[in-house]
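Below, each value reflects all heavy atoms present in this structure, side chains not excepted, and no hydrogens, waters or symmetry copies. Numbers for residues simply follow the sequence, beginning at 1.
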Amino acid sequence: MKILLFVSSHCSHCPSAERIVKKIVPEYSSYGVTFEKIRIKTKRGKELSSKFNIMATPTILILNESGDETKRIVGTPGENSLRRGIEKELGLRKSFFDRIFGR
């Protein structure tokens with residue numbers, strides 16, 4: 001699983017989003033979770049922004065092993081929100097309904 005963080009040099013919220021991602025992602029490195037910061041003004045950033053239809057920064061994408069987007073967070077996430085998103089995609093966290101109905 002890969003986490004992409006799309007940032008802009010003019011974005012006032014991007015540094016705090018980057019701090020949160022850099023703090024949380026290493027907790028899941030044993031599960032193969034990696035992180036990459038994408039600057040939207042670079043050639044690669046423009047390509048990926050277009051591919052994933054990035055309209056605002058910061059935007060965090062969680063990609064599966066095939067490179068497909070499984071979750072999108074626009075704005076600066078809370079630490080627990082990001083953890084929940086990662087754990088859900090890794091299959092470590094059951095949904096509310098799965099817990100209730102025992103799936």
Side-chain angles (χ1 to χ4, degrees):
M1 173 188 307
K2 188 169 205 165
I3 310 281
L4 298 181
L5 171 61
F6 289 84
V7 298
S8 163
S9 59
H10 300 294
C11 169
S12 61
H13 300 287
C14 289
S16 59
E18 184 176 356
R19 276 192 300 279
I20 290 170
V21 172
K22 284 183 172 181
K23 178 180 179 182
I24 302 302
V25 169
E27 297 174 15
Y28 301 95
S29 63
S30 63
Y31 295 98
V33 177
T34 61
F35 159 69
E36 184 177 353
K37 179 168 84 171
I38 308 293
R39 298 179 196 281
I40 62 168
K41 296 291 183 184
T42 64
K43 181 181 179 190
R44 183 162 190 269
K46 288 177 184 178
E47 291 169 1
L48 289 173
S49 294
S50 177
K51 176 182 177 181
F52 291 110
N53 197 29
I54 302 299
M55 304 301 274
T57 57
T59 297
I60 298 169
L61 298 183
I62 299 179
L63 308 178
N64 63 17
E65 298 302 320
S66 304
D68 299 320
E69 177 184 338
T70 58
K71 181 156 181 71
R72 176 180 294 237
I73 302 169
V74 178
T76 303
E79 290 181 17
N80 289 331
S81 173
L82 183 57
R83 276 192 188 95
R84 281 192 303 273
I86 292 171
E87 289 175 4
K88 183 177 180 209
E89 297 306 319
L90 288 172
L92 301 174
R93 178 181 291 268
K94 291 185 175 185
S95 74
F96 173 74
F97 295 108
D98 288 345
R99 288 193 308 266
I100 290 176
F101 297 112
R103 293 187 217 162

Visitor: Mind running side-chain contact (heavy atoms from CB on, under 4.5 Å) on Phe52 and Leu4 for me, showing each step along the way?
Guide: CA-CA 11 Å; Phe52 291 110; Leu4 298 181; 4.1 Å; yes

Visitor: Could you check Leu61 against Ile54 for side-chain contact (heavy atoms from CB on, under 4.5 Å), going step by step and ending with a plain yes or no?
Guide: CA-CA 10 Å; Leu61 298 183; Ile54 302 299; 4.1 Å; yes

Visitor: For the atom pair SG (Cys14) and CD1 (Ile40), what is the distance rounded to the nearest 0.5 Å?
Guide: 8.0 Å

Visitor: Hey, does the side chain of Ser50 reach the backbone of Glu47 with a donor-acceptor pair shorter than 3.5 angstrom?
Guide: no

Visitor: Could you measure the distance from the CG atom of Leu82 to the NZ atom of Lys23? Nearest 0.5 Å is fine.
Guide: 11.5 Å

Visitor: Could you walk me through whether Tyr31 and Ile86 pass side-chain contact (heavy atoms from CB on, under 4.5 Å), step by step?
Guide: CA-CA 10 Å; Tyr31 295 98; Ile86 292 171; over 6 Å; no

Visitor: Mind checking whether Ile38 and Ile62 sit in one hydrophobic cluster, side chains of I, L, V, M, F, W, Y counted as touching below 4.5 Å?
Guide: no

Visitor: Should Ile24 and Ile3 be marked as a side-chain contact (heavy atoms from CB on, under 4.5 Å) after you check the CA-CA gap, both sets of side-chain angles, and the distance that decides it?
Guide: CA-CA 11 Å; Ile24 302 302; Ile3 310 281; over 6 Å; no

Visitor: Quick test of your reading of the model: are Lys71 and Glu89 salt-bridged, counting only N-O distances below 4.0 Å?
Guide: no

Visitor: Taking Leu5 as the starting point, is it possible to reach Val33 by hopping between hydrophobic residues whose side chains are less than 4.5 Å apart?
Guide: yes

Visitor: Given 3.5 Å as the limit, does a donor-acceptor pair link the side chain of Glu65 with the main chain of Met1, or not?
Guide: yes

Visitor: For the side chain of Ser8 and the backbone of His10, is there at least one donor-acceptor N/O pair under 3.5 Å apart?
Guide: yes

Visitor: Please check: side-chain N/O of Ser49 versus main-chain N/O of Lys46, any donor-acceptor pairing under 3.5 Å?
Guide: no

Visitor: Say you draw a straight line from CD of Glu27 to CD of Glu79; how long is it, rounded to the nearest 0.5 Å?
Guide: 8.0 Å

Visitor: In chain order, what residues pass the side chain to side chain contact (heavy atoms under 4.5 Å, CB included) check against Ser16, with sequence neighbours excluded?
Guide: Arg19, Thr76

Visitor: Could you state whether Ile20 and Val74 fall into the same hydrophobic cluster, counting links through intermediate Ile, Leu, Val, Met, Phe, Trp or Tyr residues with side-chain heavy atoms under 4.5 angstrom apart?
Guide: no

Visitor: Salt-bridge test for Lys22 and Glu18: reply yes if a basic N is under 4.0 Å from a carboxylate O, no otherwise.
Guide: yes

Visitor: Indicate, with yes or no, if Leu63 and Phe35 share a hydrophobic cluster defined by side-chain heavy-atom contacts under 4.5 Å among Ile, Leu, Val, Met, Phe, Trp and Tyr.
Guide: no

Visitor: Between OH of Tyr28 and CZ of Arg83, what distance do you get to the nearest 0.5 Å?
Guide: 5.5 Å

